[in-house]
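Here the structure is laid out as structure tokens; the discussion comes afterwards.
In what follows, every chain begins at residue 1, and chains take the letters A, B, ... in the order their sequences are listed.
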2 protein chains.
Amino acid sequence: MRLSTKGRYGVKAMFDLALHYGEGPVSLKNVADRQGISEHYLEQLISGLRKAGLVKSVRGAQGGYALAKEPDKITVGDVIRVLEGPIAPVDCVAEEDPEFCQKAENCVTKGIWEKVRDSIAGVLDAITLEDMVKDAEKLQRDANFYMYYI
Amino acid sequence: MRLSTKGRYGVKAMFDLALHYGEGPVSLKNVADRQGISEHYLEQLISGLRKAGLVKSVRGAQGGYALAKEPDKITVGDVIRVLEGPIAPVDCVAEEDPEFCQKAENCVTKGIWEKVRDSIAGVLDAITLEDMVKDAEKLQRDANFYMYYI
DNA sequence: ACAAATCCCGAGTATTTTAGTAAGCTATTG
DNA sequence: CAATAGCTTACTAAAATACTCGGGATTTGT
């Protein structure tokens with residue numbers, strides 16, 4: 001039940017773009033450096049996000065990437081689904097075209113995996129990139145607080 | 001975010017043992033045949049479940065496996081944790097000795113993965129083998145109902 | 001005593017996935 | 001026209017997955 005680096009890096013990169021939303025395109029090199037990710041690898045990941053319409057790109061010098069919508073219109077679930085595929089602890093309960101199974105009719109485990117799927121999706125779909133930005137600002141404030149009072 | 005066959009087969013096997021709870025040991029061959037799993041492979045999985053104290057074994061002819069506790073004392077989460085390891089979408093939020101991360105203090109994504117972990121654990125820990133047996137009986141009743149009335 | 005049925009254990013292996021790297025092309029800016 | 005930066009395809013090393021194989025140890029029924 002582990003997320004691969006695709007999902008993790010993708011969420012970090014999208015969070016980074018959300019932090020710089022409205023400031024024009026951000027180069028992948030900057031994102032990769034700030035988030036500690038291989039630039040080339042990130043290139044592949046963001047390619048999928050662009051094709052899915054979550055980010056837009058500007059080519060050429062001073063180019064880069066930017067969110068295609070406002071940060072509160074993009075959820076973590078959107079990002080994960082593009083990079084990791086439909087949410088599904090097992091293939092027979094995938095959100096999109098689940099694998100057909102003959103025994104599905106009287107399968108007791110299927111119901112369990114559906115609950116797991118829905119609880120994961122519920123969490124990921126409830127968090128937007130804007131939520132993450134606000135959390136980051138709060139973490140920053142708390143850090144400053146301790147800096148001054150210790 | 002997929003479960004491997006270890007977890008799936010393990011839950012199926014434990015469910016099978018729950019169905020035959022109180023009837024003496026069940027041979028792995030029978031379990032494997034009924035659940036459609038390779039017997040040799042299942043042997044490896046159940047070895048872990050035995051070491052974890054979830055099943056007990058009887059060697060020799062007419063031997064086999066049986067649940068070590070009543071079906072309502074074993075949750076799906078117990079089984080999954082033995083076979084797939086501690087629940088953790090990413091290593092830094094593993095239930096047992098999570099991987100240390102320097103940036104954890106001001107990491108926005110960590111909170112997300114913790115929520116995912118807790119929601120998965122919540123679902124899996126709330127379902128016992130007895131619940132599964134009752135679900136199976138209900139599915140059976142429904143199937144019979146339709147059989148008579150169609 | 002012996003064969004059959006089982007559990008038990010460690011090694012080996014083919015396939016797939018993961019997590020990248022490499023190389024080169026295309027578009028835009030100054 | 002050089003520098004920057006996106007875009008694309010192909011390759012690859014390492015790990016995980018999902019088994020298979022072979023043989024040993026125990027117990028039961030004949």
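- Within the 4.5 Å cutoff, no side-chain heavy atoms of B:Val133 are placed close to those of B:Tyr21.
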Could you run down nucleotides 25-30 of chain D 5' to 3' and tag each one B, S or - for protein heavy-atom contact under 4.0 Å?
BBBSS-
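- By the salt bridge (Lys or Arg N to Asp or Glu O under 4.0 Å) test, A:Lys56 is found to be paired with no residue, residues two or more places apart in sequence or in another chain being considered.
- Every residue two or more places apart in sequence or in another chain that forms a salt bridge (Lys or Arg N to Asp or Glu O under 4.0 Å) with A:Asp16 is listed here: A:Arg34.
- Applying a 4.0 Å cut-off to non-hydrogen atoms, the residues of residues 25-36 of chain B that approach DNA chain C are B:Val26, B:Ser27, B:Leu28, listed by residue number.
- Considering CG of A:Leu42 and CD of A:Gln35, their distance stands at 9.0 Å, rounded to 0.5 Å.
- When A:Leu49, A:Leu67, A:Val55 are each tested for a side-chain contact (heavy atoms from CB on, under 4.5 Å) with A:Ile74, only one passes: A:Leu67.
- Separating the CG atom of B:Leu42 from the P atom of D:dT20 is a distance of 12 Å, rounded to the nearest angstrom.
- Residues meeting the salt bridge (Lys or Arg N to Asp or Glu O under 4.0 Å) test with B:Asp33, sequence neighbours left out: B:Lys29.
- One can place CG of B:Leu45 at 17 Å from P of D:dA16, the figure rounded to the nearest angstrom.
- Listed pair B:Arg50 / C:dT6 fails the phosphate criterion, with no side-chain N or O lying under 4.0 Å from OP1 or OP2.
- Between A:Gly53 and A:Lys69, the closest heavy-atom pair is O-CE, 4.3 Å.
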Show me the donor-acceptor pairs, under 3.5 Å and distance only, between side chains in residues 101-121 of chain A and residues at least two apart or in other chains.
unit_1, atom_1, unit_2, atom_2, d
A:Arg117, NH1, A:Val93, O, 2.8
A:Ser119, OG, A:Val116, O, 3.1
A:Ser119, OG, B:Ser119, OG, 3.4

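- OP1 or OP2 of D:dC7 lies within a sub-4.0 Å distance of a side-chain N or O belonging to A:Ser57.
- In this structure, B:Asp142 contributes its side chain and B:Leu139 its backbone to no donor-acceptor pair below 3.5 Å.
- Contact check for B:Leu19 versus B:Met132: no side-chain heavy atoms found under the 4.5 Å cut-off.
- Within the 4.5 Å cutoff, no side-chain heavy atoms of A:Lys12 are placed close to those of A:Phe15.
- Taken residue by residue, residues 17-24 of chain A places no heavy atom nearer than 4.0 Å to DNA chain D.
- Scanning for salt bridge (Lys or Arg N to Asp or Glu O under 4.0 Å) contacts around B:Lys73 gives B:Glu70, with sequence neighbours left out.
- Sorted by first and then second residue, the pairs that involve residues 74-84 of chain B and meet side-chain hydrogen bond (donor to acceptor under 3.5 Å, both in side chains), not counting sequence neighbours, are B:Ser4-B:Glu84, B:Thr75-B:Asp78, B:Arg81-B:Glu95, B:Arg81-B:Asp125.
- If you chain together hydrophobic residues whose side chains sit under 4.5 Å apart, B:Tyr65 and B:Val58 never meet in one group.
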Summarise protein proximity over nucleotides 13-22 of chain C in one line of letters, 5' to 3': B for base, S for sugar-phosphate only, - for none, counting protein heavy atoms closer than 4.0 Å.
------BBB-
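- Following rounding to the nearest Å, A:Met1 (CE) and D:dT17 (P) show an atom-to-atom distance of 13 Å.
- For residues 37-55 of chain B, the set of pairs meeting the salt bridge (charged side-chain N to carboxylate O under 4.0 Å, His left out) definition, not counting sequence neighbours, is empty.
- Against DNA chain D, the stretch residues 90-101 of chain A makes no heavy-atom approach under 4.0 Å.
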